[in-house]
Amino acid sequence: MRIVYSVALASLLSFAVSGVAEADSSQKRRGNIFKHDYTAAYTVQRVSVRTSCFPNKLRAILAHIAVRTGKKPMVTSGHRPRSGRSQHTRCYAADIRVPGVSEKKILAAAASAPGIGGIGRYCNGLVHVDIGPKRRWAHCGRRK
């Protein structure tokens, strides 16, 4: 019986100590209360789409588009290391579509996003957003 009490007391003490350690770690987390995790604000079209290197500024733009349109944007293209002078090379750009939302509404939401740089549109319904210099374009069909 004495062994049972010893084991119970030891487990009670270890539980109390772990509760104190857990409380200390939760207090440390409070310092980061203003850092947001924007990864839940968008989805990816395929698992091969690279988005892990997106800076918070680009993630915030995608979150802004999600709030304005009411649906999560789907990233169809993210980081492309060998894409020349494109913002995709630096992981500063995303090509998106928002299923069920018109291209016009997506463009309006992107234009109102704080920190937006380039906004482009393609004939296939994709919208390009980046955090580079401010500019706009539309690529449709062949170049003349």
Side-chain angles (χ1 to χ4, degrees), residues 4 6-144:
V4 173
S6 298
V7 171
L9 183 60
S11 61
L12 183 62
L13 285 174
S14 67
F15 180 72
V17 170
S18 69
V20 170
E22 195 172 301
D24 287 343
S25 67
S26 68
Q27 287 178 348
K28 288 178 186 175
R29 275 190 246 129
R30 277 193 213 144
N32 298 331
I33 196 165
F34 295 109
K35 290 186 180 179
H36 299 287
D37 181 17
Y38 296 114
T39 55
Y42 60 88
T43 60
V44 292
Q45 185 176 20
R46 296 176 308 279
V47 293
S48 61
V49 175
R50 296 175 170 177
T51 61
S52 61
C53 59
F54 281 175
N56 275 343
K57 194 172 179 181
L58 181 57
R59 292 174 193 256
I61 289 169
L62 295 172
H64 177 84
I65 293 170
V67 168
R68 285 293 179 103
T69 60
K71 294 188 177 185
K72 289 182 182 184
M74 180 187 302
V75 179
T76 61
S77 179
H79 183 228
R80 297 191 313 250
R82 294 175 190 83
S83 56
R85 293 178 22 218
S86 168
Q87 295 293 328
H88 288 281
T89 303
R90 291 187 228 136
C91 203
Y92 288 175
D95 292 338
I96 62 169
R97 71 177 69 230
V98 184
V101 178
S102 71
E103 185 179 333
K104 189 175 181 178
K105 191 170 182 180
I106 299 168
L107 291 169
S112 68
I116 190 73
I119 302 172
R121 65 178 271 284
Y122 301 99
C123 287
N124 61 359
L126 291 179
V127 174
H128 171 100
V129 293
D130 68 51
I131 57 173
K134 287 200 177 287
R135 64 213 185 287
R136 283 188 165 232
W137 70 93
H139 288 295
C140 243
R142 292 186 227 168
R143 292 184 182 194
K144 295 180 181 176

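In this chain, residues are counted from 1 in sequence order. Basis for what follows: all heavy atoms, side chains included, without hydrogens, waters or symmetry-related copies. Since the model is a prediction, treat every value here as computed from it, not as a measurement.
Between Pro73 and His64 the shortest side-chain heavy-atom distance does not fall below 4.5 Å. No side-chain heavy atom of Pro99 sits less than 4.5 Å from a side-chain heavy atom of Lys71. Proximity of Arg50 to Cys91: side-chain heavy atoms (C-beta onward) are nowhere separated by under 4.5 Å.
A donor-acceptor pair under 3.5 Å links the side-chain atoms of Arg59 to the main chain of Phe54, judged by distance alone. A distance-only check finds no donor-acceptor pair linking the side chain of Arg68 to the backbone of Lys105 [under 3.5 Å].
Taken to the nearest 0.5 Å, the CD1 atom of Ile119 stands 12.0 Å off from the CD1 atom of Ile106. Rounded to the nearest 0.5 Å, atoms OG1 (Thr51) and CG (Leu62) are 9.0 Å apart. One distance of note links OG1 of Thr76 with CG of Asn124; it measures 8.0 Å at 0.5 Å rounding.
Lys104 NZ: 12 or fewer foreign heavy atoms inside a 6.0 Å radius.
For the residue pair Lys57 and Gly115, the shortest heavy atom distance occurs at CE-O, 3.5 Å. Here the shortest heavy-atom pairing between Ile61 and Ala113 reads CG2-CB, 4.0 Å. Residues Met74 and Val44 approach most closely at CG-C, 4.0 Å, considering heavy atoms. In plain terms, the two heavy atoms of Leu58 and Val129 that are nearest each other are CD1-O, 4.1 Å. Considering every non-hydrogen atom in both Lys134 and Ile116, the closest pair reads NZ-O, 3.0 Å. Contact record, Arg135 with Asp130: NH2-OD2, 2.8 Å, taken as the closest heavy-atom pair.
Partners of Glu103 under the side-chain hydrogen bond (donor to acceptor under 3.5 Å, both in side chains) rule, at least two apart in sequence or in another chain, are Arg121.
Shown are Gln45, His88, Arg46; of these, the side chain to side chain contact (heavy atoms under 4.5 Å, CB included) with Ser77 is made only by His88.
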